[in-house]
Amino acid sequence: MNAAAPAIAVRDLSKNFGRFQAVKGISFDVAPGEIVGFLGPNGAGKTTTIKMITGLLKITSGTVLVDGLDRREQPAQVKRKLGYMSQKFSLYPLLTALENIEFFGGISGLAPRELKAAMARMGEQVDAAVLGQKIHDVPPGIRQKVALFVCLLPGPEIILLDEPTSGVDPEARRLFWSEIYRLKTQGKTLLVSTHNLDEAEYCDRIIIIHNGEIVAAGAPDELLRRKQKASIEELFKDAISEHGQD
Ligand code: ADP
Ligand code: MG
């Protein structure tokens, strides 16, 4: 990782779908080793932004640099640095957890020995009976755990997780966040989107997006102090009323 460069630098990034502007010229950085929460209600523009960072969606205007590399000029190098877990179901529902790992590990170029080691690692974390069930039938918390495991198989440095905790129960959510911390201790950089404002507390820094615009950004405690608010909920409500509802 290039120590001088932000892990992700987004500048004046916009996305138009026809005449509708879903992302309106936003700028932010994610520093190496940080956990950044990308917070906002449904429809705010989180997925659109994340997909422009990964290259799954064409940028209308603005730039995305990943570890100093321009996403549009060096797409292959950028892709190798990024791990991405989509909001939509990213695993094959009719394959078992282990079959999913085998499949995705195979297409991400893992050698058979590495693949075997990865499957054994998963076996230490999740009960064998569960790993042998079709993903469709396993509890959402385990599904998310397997989806994250799959996204980590190629060993990315910078990890984009789009609403990884939506639809999972509070206990699974807490376990998921402890896994995110573990990744941070390994030096990974994480951008994690959520529509749950109460997940702000888990993040080093948060970026709040609403109607395609950033309405607040900073360390959660520091933001609350600076804006003199008691909760992120309150901060969000006031920030969007200041910004207008356009
Ligand atoms: P979030 O992930 O924060 O819920 P999205 O990025 O999915 O929000 O969507 C932002 C806005 O862009 C929403 O109003 C959504 O309806 C719109 N949008 C997303 N994808 C498309 C698309 N392919 N065509 C048209 N509008 C879209
Ligand atoms: Mg989304």
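The figures here come from the full heavy-atom set of this structure, side chains too, leaving out hydrogens, waters and symmetry mates. Whatever order the structure lists them in is the order used to number ligands and atoms, beginning at 1.
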Can you find a protein heavy atom under 4.0 Å from atom 4 (O) of ligand 1?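 For atom 4 (O) of ligand 1 the answer is yes, since some protein heavy atom falls inside 4.0 Å.
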Counting only non-hydrogen atoms of the protein, does one fall under 4.0 Å from atom 15 (C) of ligand 1?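 Answer no: nothing from the protein, no heavy atom, is under 4.0 Å.
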Of all heavy-atom pairs linking Arg205 and Ala219, the shortest is CG-N, 3.5 Å
Count the heavy atoms belonging to other residues, nucleotides or ligands that lie under 6.0 Å from [atom1] of [X], then report whether that count exceeds 12.
X: Lys188; atom1: NZ; result: yes
X: Tyr181; atom1: OH; result: yes
X: Lys184; atom1: NZ; result: yes

Proximal atoms of ligand 1 relative to [X] (non-hydrogen, under 4.0 Å):
X: Ala44; value: 1 (P), 3 (O), 8 (O)
X: Phe20; value: 11 (C), 12 (O), 14 (O), 17 (C)
X: Pro41; value: 3 (O)
X: Ala22; value: 11 (C), 12 (O)
X: Thr48; value: 5 (P), 6 (O), 9 (O), 10 (C)

For atom 7 (O) of ligand 1, state which one of Asn16, Thr194, Thr47, Asn211 supplies the nearest heavy atom.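 Checking each option, the heavy atom nearest atom 7 (O) of ligand 1 is found in Thr47.
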Return the closest protein heavy atom for atom 10 (C) of ligand 1 as residue, atom name and distance.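 Of the protein heavy atoms, Gly43 O, 3.4 Å lies nearest.
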In the protein, what heavy atom is nearest to atom 26 (N) of ligand 1, and what distance, to one decimal place, separates them?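 Nearest protein contact, heavy atoms only, for atom 26 (N) of ligand 1 is Phe17 CD1, 3.4 Å.
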Within less than 2.8 Å of the Mg ion (ligand 2), any N, O or S from Thr47? yes
Closer than 2.8 Å to the Mg ion (ligand 2): does that hold for any N, O or S atom in Thr48?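 Under 2.8 Å: Thr48 has no N, O or S contact with the Mg ion (ligand 2).
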If I apply the N/O under 3.5 Å rule, does [X] come out as touching ligand 1?
X: Gly45; answer: yes
X: Asn42; answer: no
X: Glu163; answer: no

Stepwise side-chain hydrogen bond (donor to acceptor under 3.5 Å, both in side chains) test for Asp162 and Ser86: CA-CA 5 Å; Asp162 195 5; Ser86 86; over 6 Å; no
State, without any angle test, whether [X] and [Y] hold a side-chain donor-acceptor pair at a distance under 3.5 Å.
X: Asn16; Y: Thr60; value: no
X: Thr165; Y: Glu199; value: yes
X: Thr194; Y: Glu163; value: no

Does the pair Arg182/Glu179 count as a salt bridge with the N-to-O cut at 4.0 Å?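 Salt bridge: yes.
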Hey, is Arg174 close enough to Glu171 for a salt bridge, meaning N to O under 4.0 Å?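 Result for this pair is yes, salt bridge flagged.
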Would Met119 and Met122 show up in the same hydrophobic cluster when neighbours are defined by side-chain heavy atoms closer than 4.5 Å? yes
Of the backbone atoms (N, CA, C, O) and the side-chain heavy atoms from C-beta on, which set of Ser193 has a member under 4.0 Å from an atom of ligand 1: side chain, backbone, both, or neither?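 Answer for Ser193: neither.
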Would you say Gly40 contacts ligand 1, with heavy atoms under 4.0 Å as the rule? no
